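Owing to the predicted nature of the structure, the values given are computational and were not obtained by experimental measurement.
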Amino acid sequence: MEMNKTRALFQAIKEMIKYGCVGILSTAANLAMFWMLESAGLFYIAANAIAYFGAVIINFYLNEWLVFIQDDEKKKKSGNGRLLRFLLIRVISLGADSLLFYLCVDILMLPLYPSRIGLTLVEIIVTYVLVKNMVFGEK
């Protein structure tokens, strides 16, 4: 019994590390897209939304492929439902993120990029819990 607990703990840690690596790649893509769009003159909230959805697509497929690996039968059963749940979580997250980003930059007058990075770190933690349980969790 103790060996099963140890194995489960090891698997959970391994999953979190892989999720973190995917998150780093997705975050890097998000920040790069945001920087390019904002530097090109796009309003920062619009640049954030476009970069966010680009990173969301990257994130979903990397998570499906590398982190929450599921057999083909399970993928067929869930169909597009998993992707739709993932997108719903991310749309809600984007709304909350945009509101908080606006609050940080325009109301609290915090610097643009540190605000973006800080909000991204919080979002990674919150979405891990939601995605693990509501998108790729056992049914």
Side-chain angles (χ1 to χ4, degrees):
M1 190 65 151
E2 208 46 49
M3 184 60 108
N4 288 339
K5 287 182 182 179
T6 303
R7 181 172 287 147
L9 178 61
F10 176 73
Q11 290 292 40
I13 291 169
K14 184 177 166 184
E15 182 180 274
M16 283 188 265
I17 290 169
K18 289 195 299 187
Y19 185 84
C21 290
V22 166
I24 289 168
L25 289 172
S26 299
T27 299
N30 182 327
L31 293 174
M33 287 184 278
F34 173 74
W35 176 80
M36 288 187 292
L37 293 166
E38 197 269 335
S39 294
L42 199 59
F43 182 59
Y44 78 92
I45 294 290
N48 184 55
I50 293 167
Y52 186 89
F53 278 110
V56 162
I57 298 303
I58 292 167
N59 189 272
F60 175 79
Y61 287 107
L62 287 176
N63 272 310
E64 182 179 59
W65 181 50
L66 297 172
V67 180
F68 304 108
I69 301 166
Q70 297 179 340
D71 61 36
D72 288 337
E73 186 63 33
K74 199 176 231 182
K75 287 180 185 177
K76 285 179 189 172
K77 282 172 106 175
S78 66
N80 290 330
R82 185 172 53 236
L83 177 59
L84 292 175
R85 286 190 305 274
F86 188 85
L87 290 173
L88 179 62
I89 288 168
R90 294 307 183 131
V91 165
I92 292 167
S93 178
L94 175 61
D97 178 74
S98 295
L99 181 64
L100 291 171
F101 199 22
Y102 172 78
L103 178 70
C104 288
V105 174
D106 286 343
I107 305 299
L108 299 176
M109 306 299 279
L110 298 173
L112 184 71
Y113 287 95
S115 296
R116 176 68 271 141
I117 292 166
L119 289 170
T120 297
L121 294 174
V122 171
E123 183 181 349
I124 288 169
I125 295 165
V126 171
T127 56
Y128 171 76
V129 173
L130 295 174
V131 166
K132 178 175 175 53
N133 293 308
M134 296 175 71
V135 177
F136 294 104
E138 295 293 319
K139 292 278 177 202

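F136 and F86 make their closest contact through CE1-CD1, 4.4 Å (heavy atoms, listed as atom of the first residue, atom of the second, distance). Residue N59 comes nearest to G23 through the heavy atom pair ND2-CA, 4.4 Å, listed as atom of the first residue, atom of the second, then distance. I58 and A29 get closest at one heavy-atom pair: CD1-CB, 3.9 Å. Minimum heavy-atom separation, A51 to N30: CB-O, 3.5 Å. Shown here for R82 and E64, the closest heavy-atom pair between the two residues is NH2-OE2, 2.6 Å.
Under 3.5 Å, the side chains of N48 and R116 contain a donor-acceptor pair of N or O atoms.
Residue I125 is not grouped with residue V135 when hydrophobic side chains (ILVMFWY) are merged at heavy-atom distances under 4.5 angstrom, including chains of intermediate members. Using a 4.5 Å cut-off between side-chain heavy atoms of Ile, Leu, Val, Met, Phe, Trp and Tyr, with links allowed through other members, I24 and I124 fall into different hydrophobic clusters. Hydrophobic clustering keeps L31 apart from L42 (ILVMFWY residues linked when any side-chain heavy atoms are closer than 4.5 Å, directly or through intermediates). Clustering ILVMFWY residues whenever any of their side-chain heavy atoms sit less than 4.5 angstrom apart, transitively, puts Y102 in the very cluster that holds V105. Connection of I57 to L88 is not established within any shared hydrophobic cluster, with ILVMFWY side chains joined at heavy-atom distances below 4.5 Å, either directly or through further cluster members.
A distance of 7.0 Å separates CD1 of I45 from CG of D106, quoted to the nearest 0.5 Å. How far CG of L66 is from SG of C21: 9.5 Å, rounded to the nearest 0.5 Å. Expressed to the nearest 0.5 Å, how far CD of E38 lies from CD1 of I50 amounts to 12.5 Å. Atom CZ of F101 sits about 4.5 Å away from atom CG of L112, to the nearest 0.5 Å. Summarising the geometry, atom CG belonging to L110 is positioned 4.5 Å from atom OG belonging to S115; distances are rounded to the nearest 0.5 Å. To the nearest 0.5 Å, atom CZ of residue R90 and atom CG of residue L87 are 9.5 Å apart.
A donor-acceptor pair is defined here as one N or O able to donate and one able to accept, closer than 3.5 Å; no such pair exists between the side chain of Y128 and the backbone of Y19. S93 places no side-chain N or O within 3.5 Å of a backbone atom of I89 that could act as its donor or acceptor partner.
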| query | For Y61 and L83, what are the C-alpha separation, side-chain angles and deciding distance, and is it a side-chain contact (heavy atoms from CB on, under 4.5 Å)? | reply | CA-CA 9 Å; Y61 287 107; L83 177 59; 4.2 Å; yes
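In this structure, F68 and V131 have side chains that are in contact, with non-hydrogen atoms separated by less than 4.5 Å. When side chains are defined from C-beta on, I13 counts as touching L9, because their heavy atoms get closer than 4.5 Å. Using a 4.5 Å heavy-atom cutoff, the side chains of F53 and L94 are in contact.
Shown here is F10, whose CZ atom has no more than 12 heavy atoms of other residues, nucleotides or ligands within 6.0 Å.
Between Y113 and F34, the angle of the ring planes goes over 60°, which puts this pair in the perpendicular group of the 30/60° scheme.
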